[in-house]
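A, B, ... follow the sequence lines: proteins, then strands. Residue 1 opens every chain. Note that this is a predicted model, so its numbers are computed, not measured.
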Amino acid sequence: MSAQVVTRFAPSPTGYLHIGGGRTALFNWLYARGRGGKFLLRIEDTDRERSTPEAMAAILRGLTWLGLDWDGDVVSQFARKDRHAEVAHEMLVRGTAYKCFSTQEEIAAFRAAEEAAGRYPVFLSPWRDADPATHPEGAPYVIRMKAPRTGETIIDDQVQGRVVIRNETLDDMIVLRSDGTPVYMLAVVVDDHDMGVTHVIRGDDHLNNAARQQMVYDAMGWQVPVWAHIPLIHGPDGKKLSKRHGATGVEEYQAMGYPAAGMRNYLTRLGWAHGDAEIFTSEEAMKMFDLSGIGRAPARLDFKKLENTCGHHMAMAEDAALLHELRAYLAAAGREPLSEAQNVLMQRALPFLKSSVRTFPELLDKASFLMASRPIMQDSKAAEALDTVSRGILKSLTPRLQTASWTKEALEPILTEIAAENGIGFGKLAAPLRAALAGRTVTPSVYDMMLTIGREETVARLMDASQ
RNA sequence: GGCCCGUUCGUCUAUCGGUUAGGACAUCUGGUUUUCAACCAGGCAAGAGGGGUUCGACUCCCCUACGGGCUGCCA
């Protein structure tokens, strides 16, 4: 019987949810959900200077949009500071940590001297093995971990493999500051242990830190979690993803109109693979996802593929869910909401509209014929299609539409007949029809449009255009 | 500077010592079509460089180059 899997996502609330962070959260979610485990959320807000409630709210919004639900309450790391301090003092008792009275000036001087001598600037505290009797009374101190000076620390990473770090390159890191507050490196370990985290899946910028953290686990006699350090996401030019590449925040992608399911699929495949699987639902991804499928090289963002993936998910989506997400998009992008009438028409049009669009803006563009209201304004190309002859044809068409039953089967013969009577191909008839119905030359099928807006509106638009 | 990680088509990747190095996106060509898409068929396209190990290396080892990360009383 194996213990339940517990993963977590632990962002710092210093800004919006970064796309890389979103993917890290996604991997943790997928791994836990696919194994009946728990996915926890912890906010690393110990840096009081940079942490803001706005940032925390933005991160939660980002995760929610991505569809990543977490178990239990959000844990505040700052709120657990007493527990962290307690562990630091327990390390003191165990003899795996010590009080260090060195001032920052002394440390800086030590480092400068080491560097000048061409050695590693690793600080070696003179208080490491000092007799407590020699401790200065009432002087401020930090608690440092008594890290092994020799040998090596081995991180058995599920993605990076066996990483060996020589202990001499690591210093006795501070676990508790002189003001009694814990340092991140201690807080993560204590929190992960207390929360029962079994698998730590995070960015590989923490790979080196893992060695230090593992020392804390060892010092406390706690079980080390399974490590999985995933590569960061890069911009299209291969450099670290930053603002100049465009969108880096998850919420920006929502505002650009990418469907969340497509975003999840794309992000899952970015840096992870399972054979030739490309398009899949989250449920399928949960079944397939495993740590061994994660690549070791950083991946670049490719908007073309993102769009393509989103296109598949648009087509796969259920109409009701898609309509719901469309309205959420409109709100997120600050666009005008659908009117009652537009909502009804949209429901009718979604089945054929969704099959050929990638994003919500594209969907709305294809739906412009139902978003517009009379009189329909023609763009220049559409106006060209409405020459005198065409207007006459449209005019002769309207009486027949009045009596036809409103199905594609019934309309098709009427339109082909009209085209034949006028000695033109169907294509020549479709152009002015498009212009009259949508005001453009690029539109969905004329039948789909007519069926969507209905007989009355169709006839009215044709009459308008034939004037 | 030191330490750690990485490098297969333009991009995401498969391969886990023996393959015509496969798939997807993009791109190009053709087909279909009432327009744009979508769709269908096909084409182009890759193991960073150099040394080893081996009967045989994209796969294992070393060096170099390039990219990234860490090196804080930040997280």
Side-chain angles (χ1 to χ4, degrees), chain A residues 10-14 44-47 49-51 77 100 102-104 107 111 115 118-123 140-144 155 157 159-161 163-166 168-171 173-185 187-188 203-212 229 231-232 234 236 238-240 266 269-279 292-293 295-309 311 315 352 355-358 362 365-366 381 385 415-416 419 425-431 433-435 438 440-447:
Chain A
S12 307
T14 54
E44 314 228 305
D45 51 358
T46 53
D47 183 343
E49 297 286 301
R50 298 196 299 155
S51 300
Q77 188 158 67
C100 171
S102 295
T103 64
Q104 306 225 33
I107 295 170
R111 276 205 247 266
E115 240 172 307
R119 285 193 292 267
Y120 305 150
V122 173
F123 179 63
Y141 63 87
V142 297
I143 296 182
R144 281 184 188 276
I155 299 298
D157 195 277
V159 175
Q160 307 290 341
V163 180
V164 179
I165 313 239
R166 293 205 318 280
E168 62 193 79
T169 65
L170 268 23
D171 58 5
M173 70 161 180
I174 292 172
V175 291
L176 205 68
R177 300 188 185 99
S178 52
D179 64 358
T181 60
V183 112
Y184 159 78
M185 216 68 88
V188 228
D204 69 3
D205 48 336
H206 287 288
L207 181 57
N208 286 282
N209 291 337
R212 294 187 143 90
H229 289 90
L232 271 16
H234 285 187
K239 301 284 185 188
K240 199 171 79 170
Y266 175 73
R269 269 292 281 110
L270 193 61
W272 173 84
H274 184 82
D276 288 340
E278 294 284 350
I279 303 299
S292 62
R296 294 142 300 268
R300 306 180 192 201
L301 225 41
D302 179 358
F303 283 82
K304 292 284 191 186
K305 185 148 186 174
L306 202 213
E307 283 174 13
N308 182 279
T309 302
F352 64 85
S355 63
S356 61
V357 299
R358 305 171 169 93
E362 280 184 21
D365 187 60
K366 283 230 166 195
K381 277 190 179 167
L415 293 195
T416 34
F426 183 71
K428 285 272 188 260
L429 173 61
L433 266 173
R434 280 200 189 84
R440 325 174 153 195
T441 50
V442 176
T443 73
S445 138
V446 292
Y447 298 111

Inset, instruction - Mind checking Arg300(A) for me? I need base, sugar-phosphate or nothing, with any heavy atom below 4.0 Å counting as a touch. - result: sugar-phosphate
Inset, instruction - Give none if G1(B) has no partner; otherwise give the nucleotide forming a Watson-Crick or G-U wobble pair with it, both distances under 3.5 Å. - result: U71(B)
Inset, instruction - Calculate the interatomic distance between Glu278(A) atom CD and A26(B) atom C1'; express it in whole Å. - result: 13 Å
Inset, instruction - Just compare U34(B), C4(B), U13(B) and give me whichever is closest to any side-chain atom of Phe426(A). - result: U34(B)
Inset, instruction - Tell me what Val163(A) touches on the nucleic acid: a base, only sugar-phosphate, or nothing, going by heavy atoms under 4.0 Å. - result: sugar-phosphate
Inset, instruction - For the pair Gln160(A) (side chain) and His229(A) (backbone), establish whether a donor and an acceptor sit closer than 3.5 Å, ignoring hydrogens and angles. - result: yes
Legend entry - Atom-pair distance (NZ on Lys304(A); C1' on A24(B)), nearest Å: 16 Å
Legend entry - Nearest atoms (heavy-atom pairs only) where Ser102(A) meets Ile107(A): CB-CG1, 4.2 Å
Legend entry - Minimum-distance nucleotide (side-chain atoms of Ser178(A) versus C12(B), G6(B), C73(B)): C73(B)
Sort me out a list of protein N/O and nucleotides 36-42 of chain B N/O pairs below 3.5 Å, or just none if empty.
| unit_1 | atom_1 | unit_2 | atom_2 | d |
| --- | --- | --- | --- | --- |
| C36(B) | O2 | Lys366(A) | NZ | 2.8 |
| A37(B) | O2' | Ser356(A) | O | 3.1 |
| A38(B) | OP1 | Arg358(A) | NH2 | 3.1 |

Inset, instruction - If C25(B) has a Watson-Crick or G-U wobble mate with both distances under 3.5 Å, name it; if not, just say none. - result: G10(B)
Inset, instruction - Take atom P in C62(B) and the same atom in C4(B), then report the distance between them in whole Å. - result: 12 Å
Legend entry - Check ion pair Asp302(A)-Arg269(A) (N to O, under 4.0 angstrom): no
Legend entry - Base of A26(B) paired with side chain of Lys305(A) (donor-acceptor, under 3.5 Å): no
Inset, instruction - Quick one: label Gln104(A) by what it contacts on the DNA or RNA (base, sugar-phosphate, nothing), any heavy atom closer than 4.0 Å. - result: base
Legend entry - Nearest-Å distance once atom P is located in both C9(B) and G72(B): 36 Å
Inset, instruction - Would you mind reading off the distance between Gln160(A) atom CD and C70(B) atom P, rounded to a whole angstrom? - result: 14 Å
Inset, instruction - Given side-chain contact (heavy atoms from CB on, under 4.5 Å), test Val163(A) with Leu207(A) step by step and report yes or no. - result: CA-CA 9 Å; Val163(A) 180; Leu207(A) 181 57; 4.3 Å; yes
Inset, instruction - Would you indicate what Tyr447(A) reaches in the nucleic acid, counting non-hydrogen atoms under 4.0 angstrom: base, sugar-phosphate, or nothing? - result: base
Inset, instruction - For Tyr141(A) and for Asp302(A), find the nucleotide of RNA chain B with the closest heavy atom, then tell me which residue's nucleotide is more 5'. - result: Asp302(A)
Legend entry - Distance, nearest 0.5 Å, that separates CG of Asn308(A) from OH of Tyr266(A): 11.0 Å
Inset, instruction - Quote, to the nearest angstrom, the C1' distance that separates G52(B) from C3(B). - result: 26 Å
Inset, instruction - Determine the minimum heavy-atom distance between Val446(A) and Ala430(A), stating which atoms define it. - result: CG1-O, 4.1 Å
Legend entry - Minimum-distance nucleotide (side-chain atoms of Asp276(A) versus G22(B), C4(B), C74(B)): G22(B)
Legend entry - A57(B): pairing nucleotide in any strand, Watson-Crick or G-U under 3.5 angstrom: none
Legend entry - Closest to side chain of Leu270(A), choosing from U71(B), C12(B), G67(B): C12(B)
Legend entry - Ala297(A) side chain, from C-beta outward: closest of C73(B), U7(B), G23(B): U7(B)
Legend entry - Whole angstrom value for the distance that separates C1' of C74(B) from CG of Asn209(A): 11 Å
Legend entry - Atom C1', compared across U19(B) and G31(B): separation rounded to whole Å: 32 Å
Inset, instruction - Scan Gly203(A) against the nucleic acid and name what it touches under 4.0 Å (heavy atoms): base, sugar-phosphate only, or nothing. - result: nothing
Inset, instruction - Using both distances under 3.5 Å as the test, list the Watson-Crick or G-U wobble partner of A38(B), or none. - result: none
Legend entry - Touch class at under 4.0 angstrom, heavy-atom based, for Asp45(A) against every strand present: nothing
Inset, instruction - Give Val122(A) one of three labels, base, sugar-phosphate or nothing, depending on what nucleic acid heavy atoms sit under 4.0 Å from its own. - result: nothing
Inset, instruction - Could you please name the partner base of G47(B), counting Watson-Crick and G-U wobble pairs only when both distances are under 3.5 Å? - result: none
Inset, instruction - Rounded to the nearest angstrom, tell me the gap between atom CD in Glu307(A) and atom P in C12(B). - result: 17 Å
Inset, instruction - Verify the contact: side-chain N or O of Arg111(A) to OP1 or OP2 of G72(B), cut-off strictly under 4.0 Å; return yes or no. - result: yes
Inset, instruction - Using the C1' atom on both, measure U53(B) against C61(B) and round to a whole Å. - result: 7 Å
Legend entry - Whole-Å P distance, G6(B) and A38(B): 39 Å
Inset, instruction - With heavy atoms under 4.0 Å as the rule, sort Thr181(A) into base, sugar-phosphate or nothing. - result: nothing
Legend entry - Test salt bridge (Lys or Arg N to Asp or Glu O under 4.0 Å) applied to Arg440(A) - qualifying residues, sequence neighbours left out: Asp365(A)
Inset, instruction - Could you tell me whether the phosphate oxygens of A24(B), OP1 or OP2, come under 4.0 Å of any side-chain nitrogen or oxygen in Asn308(A)? - result: no
Inset, instruction - For the residue pair Arg434(A) and Thr443(A), confirm or rule out a side-chain donor-acceptor distance under 3.5 Å. - result: yes
Inset, instruction - Using a heavy-atom cut-off of under 4.0 Å over every strand shown, decide if His206(A) touches base, sugar-phosphate, or nothing. - result: base
Legend entry - N/O donor-acceptor pair under 3.5 Å between Thr181(A) side chain and Arg177(A) backbone: no
Legend entry - Backbone N/O of Gln77(A) and side chain of Asp45(A): donor-acceptor pair under 3.5 Å: yes
Legend entry - Identified pairing partner of U15(B), criterion: Watson-Crick or G-U wobble below 3.5 Å: none
Inset, instruction - Have a look at Leu207(A) and say if it touches a base, only the backbone sugar-phosphate, or nothing, with a 4.0 Å heavy-atom cut-off. - result: sugar-phosphate
Inset, instruction - Round to a whole Å and report the spacing from CZ of Phe303(A) to P of U11(B). - result: 16 Å
Inset, instruction - With the side chain of Arg177(A) defined as its heavy atoms from C-beta on, choose the nearest nucleotide among C73(B), U11(B), U34(B). - result: C73(B)
Legend entry - Reported CG-to-CD distance for the pair Asp276(A) and Glu278(A), which is rounded to 0.5 angstrom: 7.0 Å
Inset, instruction - Provide the distance between the two P atoms, one in G50(B) and one in A14(B), to the nearest whole Å. - result: 24 Å
Legend entry - Rounded interatomic separation in angstrom, taking CZ from Arg50(A) and C1' from C74(B): 5 Å
Inset, instruction - Looking at every strand, decide which applies to Arg440(A) at a 4.0 Å heavy-atom threshold: base, sugar-phosphate, or nothing. - result: nothing
Inset, instruction - Using whole Å, report how far CG of Leu306(A) lies from C1' of A24(B). - result: 14 Å
Legend entry - Residue Arg296(A), side-chain heavy atoms: nucleotide from U11(B), U13(B), G6(B) that is nearest: G6(B)
Inset, instruction - Let me know, please, whether Val159(A) or His274(A) comes out on the 5' side of the other along RNA chain B by nearest nucleotide. - result: Val159(A)
Inset, instruction - Under 4.0 Å between any heavy atoms, over every strand shown, what does Met173(A) touch: base, sugar-phosphate, or nothing? Just pick one. - result: nothing
Inset, instruction - Using the C1' atoms only, state how far A46(B) lies from U15(B), rounded to an integer number of Å. - result: 13 Å
Inset, instruction - Indicate the ring-plane relationship of Phe426(A) and Tyr447(A), choosing parallel, tilted or perpendicular according to the 30° and 60° boundaries. - result: parallel
